[in-house]
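Just so we're clear, the structure is a prediction, and the values are computed from it rather than from any experiment. By convention in this document, chain letters (A, B, ...) are assigned in the order of the sequence lines, proteins followed by strands, and residues within each chain are numbered from 1.
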2 protein chains.
Amino acid sequence: MALEHAILVSLLEKPGSGYELARRFERSIGYFWTATHQQIYRVLKRMEGDGMLAVREVPQQGRPDKKEYSVAAPGRAALSQWLHEPVEPESLRHDLAVKIRGAAFDDPAALVREVERHRQAHADRLAHYLAGQVRDFTGPEAPAPLDAGQELQHVVLRGGIAYERMTIAWLDDVLATLHRLAERPPHARG
Amino acid sequence: MALEHAILVSLLEKPGSGYELARRFERSIGYFWTATHQQIYRVLKRMEGDGMLAVREVPQQGRPDKKEYSVAAPGRAALSQWLHEPVEPESLRHDLAVKIRGAAFDDPAALVREVERHRQAHADRLAHYLAGQVRDFTGPEAPAPLDAGQELQHVVLRGGIAYERMTIAWLDDVLATLHRLAERPPHARG
DNA sequence: TCCTCCTATGCAACGAGTTGCATAGGCAAG
DNA sequence: CTTGCCTATGCAACTCGTTGCATAGGAGGA
């Protein structure tokens, strides 16, 4: 399971509380692995019990105290072992593709709005990634030269950017197809 | 949950047994939604109990009898309703990206083989999709003109093709980055 | 003959992921 | 002063997904 490993990587990059991890999983790490706070708290507790993580109670002012987690030696070893094992190339899980095929048994034109909504969401994500790229890697505020960790974070971000661009282009293809089908004379429809 | 809906779409395209569905989920529908036979049998049973599907025992010769499922009226209504509801744009779940970021705390060069393996898997899938595209949609054996259902299947397949091409290009980027890091003098490493 | 693979269906156990809810102090807007 | 949002942690119930195993007849090769 990769949630444990994603947490190890994130805590090696910077120790933090369950709450902070949950926020990182809404951006950064979350670009390619999502998790809710409930899931994170549960796994943190288990990993602490397994000795993979160390905890430190941090009192705070004006806000609740937090438990700051960091990676212990066994956690680092577990991550290292996983890095040296092969993982399966993952498959897509794409609701929208199911809907598109399902539209053949319903009204294809009714999908246009839904597809446009998805296109907008992906365009927003792309803009967000591009801003992050300038801020952290290519802009004047970015460190230069980048260290190995930053180079690796950058190449992952480039993957996210490529994914969003590809998806937007495909959704345009989908929209063009839906419009073409809508303009067909009824006798030519499936 | 989209497995139910993927099953409805697949059974509308063509009725079949749990076993046949499982095979379709290894290709076709499975390009963008995966499921094992255990999962499929369990969901088929539940959907039958809910009245979404009709079953017919089909005796066979030289092989075990099968239960052929087809979509009943309530199933069709449930699919239609889902098609008219918005779904969330999905997020990626990418083990390999977690590994790449984790490599900063291990040996980046050790990842090269793993990335090459993934590249090969994606190249194989791409070749498979392209062959299917020629066979079913663009080649001399393909029906012409395509009906609406086939047009929609084709645009979904084009999405799969675009995804694999993008992924291969990104993995080449990853490999180039890993090689660049390996050639750095040690003092410049993170 | 034995071994393996293919069709075909299924149970049991577990781990992963989602949804809803609860607590509790501080802060800011109306 | 109440309403709602932010930080911070967590439980409970449920569904989804994976893994291992079981059954059983037929086909084909060593």
Results of side-chain contact (heavy atoms from CB on, under 4.5 Å) for H94(B) - residues two or more places apart only: F32(A), E90(A), L96(B), A97(B), Y163(B), W170(B)
Which residues share a side chain to side chain donor-acceptor pair (under 3.5 Å) with Q39(A), sequence neighbours left out: none
CD1-CD1 distance between I7(B) and I40(B), expressed to the nearest 0.5 angstrom: 6.0 Å
Nearest-angstrom distance from the residue atom CZ of R46(B) to C1' of dC14(D): 12 Å
Distance below 4.0 Å between K45(B) side-chain N/O and dG10(C) OP1 or OP2: yes
Would you tabulate the pairs of protein nitrogen or oxygen atoms and nucleotide nitrogen or oxygen atoms of nucleotides 19-22 of chain D closer than 3.5 angstrom?
from    : atom 1 : to     : atom 2 : distance (Å)
dG20(D) : O6     : Q38(B) : NE2    : 3.2

side-chain contact (heavy atoms from CB on, under 4.5 Å) partners of P143(B), counting only residues at least two apart: L146(B), Q150(B)
Salt bridge (charged side-chain N to carboxylate O under 4.0 Å, His left out) contacts touching residues 164-174 of chain A (sequence neighbours left out): R119(A)-D172(A), R125(A)-E164(A), D173(A)-R158(B)
Can you list, pair by pair, the side-chain donor-acceptor contacts under 3.5 Å of residues 100-115 of chain A, counting residues two or more places apart and other chains?
from    : atom 1 : to      : atom 2 : distance (Å)
R101(A) : NE     : E13(B)  : OE2    : 3.1
R101(A) : NH2    : E13(B)  : OE1    : 2.8
R101(A) : NH2    : S28(B)  : OG     : 3.1
D106(A) : OD1    : S80(B)  : OG     : 2.8
D106(A) : OD2    : H84(B)  : NE2    : 2.9
D107(A) : OD1    : A109(A) : N      : 3.2
E114(A) : OE1    : R117(A) : NE     : 3.3
E114(A) : OE1    : R117(A) : NH2    : 3.0
E114(A) : OE2    : K99(A)  : NZ     : 3.0
E114(A) : OE2    : V87(B)  : N      : 2.8

Short side-chain N/O contact to dT9(D) OP1/OP2 from Y41(A), under 4.0 Å: yes
Sequence neighbours excluded - side chain to side chain donor-acceptor pair (under 3.5 Å) pairs with any residue from residues 129-145 of chain A: Q133(A)-H154(A)
Full working for side-chain contact (heavy atoms from CB on, under 4.5 Å) between E4(B) and M52(B): CA-CA 10 Å; E4(B) 282 191 8; M52(B) 307 250 251; 3.5 Å; yes
M47(A) CE - dG15(C) C1' separation (whole Å): 15 Å
Integer-rounded Å distance: dT7(D) C1' and Q61(A) CD: 15 Å
Please tabulate, for the side chains in residues 57-65 of chain B, all donor-acceptor contacts under 3.5 angstrom to protein atoms that are two or more places apart in sequence or on a different chain.
from   : atom 1 : to     : atom 2 : distance (Å)
Q60(B) : NE2    : P64(B) : O      : 2.7
D65(B) : OD1    : Q60(B) : N      : 3.1

Nucleotide dA16(C), atom C1' - distance to NE2 of H5(A) in whole Å: 14 Å
Near-strand residues of residues 14-24 of chain A, defined as heavy-atom separation under 4.0 angstrom from DNA chain D: S17(A), G18(A), Y19(A), R23(A)
Atom pair distance, as rounded to whole Å: CD in E68(A) and C1' in dT7(D): 15 Å
Among dA8(D), dT18(D), dT9(C), the one nearest K66(B) by side-chain distance: dT9(C)
D50(A): partners by side chain to side chain donor-acceptor pair (under 3.5 Å), with sequence neighbours left out: none
Pairs under 3.5 angstrom, nitrogen or oxygen only, protein versus nucleotides 23-29 of chain C, please.
none

Residues in side chain to side chain donor-acceptor pair (under 3.5 Å) contact with Q120(A), at least two apart in sequence or another chain: D124(A)
